[in-house]
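Here's the structure, in structure tokens; my notes come after.
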There are 2 protein chains.
Amino acid sequence: MQKNPVQCQFVAALDSIVGKWKPMILYHLLQGEPLRFNELRRLLPDITQRMLTLHLRELEEEELVKRVIYPQIPPKVEYSITEYGKSLSPILESLHQWGAAHVERKRLKEAKNEQTETD
Amino acid sequence: MQKNPVQCQFVAALDSIVGKWKPMILYHLLQGEPLRFNELRRLLPDITQRMLTLHLRELEEEELVKRVIYPQIPPKVEYSITEYGKSLSPILESLHQWGAAHVERKRLKEAKNEQTETD
DNA sequence: TGGTATAGTATGAAAAAAGGTACTGTAACG
DNA sequence: CGTTACAGTACCTTTTTTCATACTATACCA
């Protein structure tokens, strides 16, 4: 935690969102349906078991995600978004939209550059 | 850049914001006044020259920040937020607010824990 | 003449994040 | 009887990010 209170708030918020896979995990869980460990794995094709576990544990620790173990064999564990986690929804939505516009902007710019290069 | 388009959008947005000092740099520049390199350094007491340079270059590359060099000696360089950079303002504002609430929430929880421990 | 301020760059080290592979136990399926 | 699915853990390596320190050139001030 930083000393500077303003930074501290950014850091606290970003820690919850940042991590190579966290936004996607939250995004999928925000769809509403609880998801099992391997369902999430299939939704995030390139994630390793290790990274999925680590990120889920962090999200759980911050009470953004809830983990429910069904004592069965083979095991069943369901992850779902918490009420508190839902409060992140507008932020993720804004990020998603801004990101889409940003990608499009870059794409257009590159297209323009290629255009002038072939002139 | 990821293949998954949804992730890609999050990544694009977060790349612009994330970095240990980026939100703070943007935050200060969003106050409106252009700032010189060393003014920013003084506002971010713990940043190294190297990190400030690197982050400013990245922000410049994404056209979120504008860099103006005044050919003087000793040198004078002014950094300011671009119009495009201003479009990040609502996101940073949301992050800032959510972060503040998150910090407060944790604080209360810890206080509660200490309370029950001494019971 | 020596110190200060400006805006950096260069180099190497340390820390943090992410990835890769192998392994666990049990049940159901074929 | 071998394979698959489940939800992980253990261990080690690689990549990325950040940090620390020294260095540059020039002008001004005392």
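Lettering follows sequence order; numbering is per chain, from 1.
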*Can the ring centroids of B:Tyr84 and A:His102 be said to lie less than 6.0 angstrom from one another?*
yes

*Phosphate-side-chain proximity, B:His55 and D:dT18, N/O vs OP1/OP2 below 4.0 Å*: yes

*asked:* If you compare every side-chain N and O of A:Arg42 against the phosphate oxygens of D:dC6 (OP1, OP2), does one of them come in below 4.0 Å?
replied: yes

_Output the rounded distance in Å from CZ (A:Arg50) to C1' (D:dT14)._
12 Å

*Side chains of B:Arg36 and B:Tyr79 in contact at under 4.5 Å (non-hydrogen atoms)*: no

*For the pair A:Lys86 and A:Glu83, find out whether any cationic side-chain nitrogen is under 4.0 Å from an anionic carboxylate oxygen.*
yes

*Phosphate OP1/OP2 of D:dA5 contacted by A:Arg36 side-chain N/O (<4.0 Å)*: no

*Give a yes/no on whether any side-chain N or O of B:Lys20 is located under 4.0 angstrom from OP1 or OP2 of C:dA16.*
no

_Check B:Glu58 with B:Lys22, please: is the shortest side-chain N to carboxylate O separation under 4.0 Å?_
yes

*asked:* Using whole Å, what does the distance between atom P of nucleotide C:dT6 and atom CG of B:Leu35 come to?
replied: 13 Å

*asked:* Rounded to whole Å, please give me the gap between CD1 in A:Ile17 and P in C:dA17.
replied: 16 Å

*What is the distance from CG of A:Leu56 to P of C:dA18, rounded to the nearest Å?*
13 Å

*Check the distance between D:dT18's C1' and A:Gln7's CD and give it to me in whole angstrom.*
13 Å

*Rounded off to whole Å, could you give me the CD1-to-P distance for the B:Ile47 and C:dG8 pair?*
13 Å

*asked:* How many whole angstroms separate atom CG of B:Asp46 from atom C1' of D:dT17?
replied: 17 Å

*asked:* Testing B:Leu59, B:Val65, B:Leu43 one by one against B:Leu29 for a side chain to side chain contact (heavy atoms under 4.5 Å, CB included), which residue passes?
replied: B:Val65

*Taking atom types as modelled and ignoring hydrogens, do the side chains of A:Ser16 and A:Glu62 form a donor-acceptor contact shorter than 3.5 angstrom?*
yes

*Rounding to a whole Å, what distance do you find between B:Met51:CE and C:dA13:P?*
19 Å

*Sugar-phosphate, base or nothing in reach of A:Arg67, heavy atoms under 4.0 Å*: sugar-phosphate

_Under a 4.0 Å threshold between the charged nitrogen and the carboxylate oxygen, would A:Arg107 count as salt-bridged to A:Glu104?_
yes

*Classify the nucleic acid contact of B:Arg57 as base, sugar-phosphate or nothing, counting any heavy atom under 4.0 Å across all strands shown.*
sugar-phosphate

*Report the residue (A:Gln49 or B:Leu54) whose heavy-atom-nearest nucleotide on DNA chain D is the more 5′ of the two.*
A:Gln49

*Can you list, by residue number, the residues of residues 69-81 of chain A that have a non-hydrogen atom closer than 4.0 angstrom to DNA chain D?*
A:Pro74, A:Pro75, A:Lys76, A:Val77, A:Tyr79

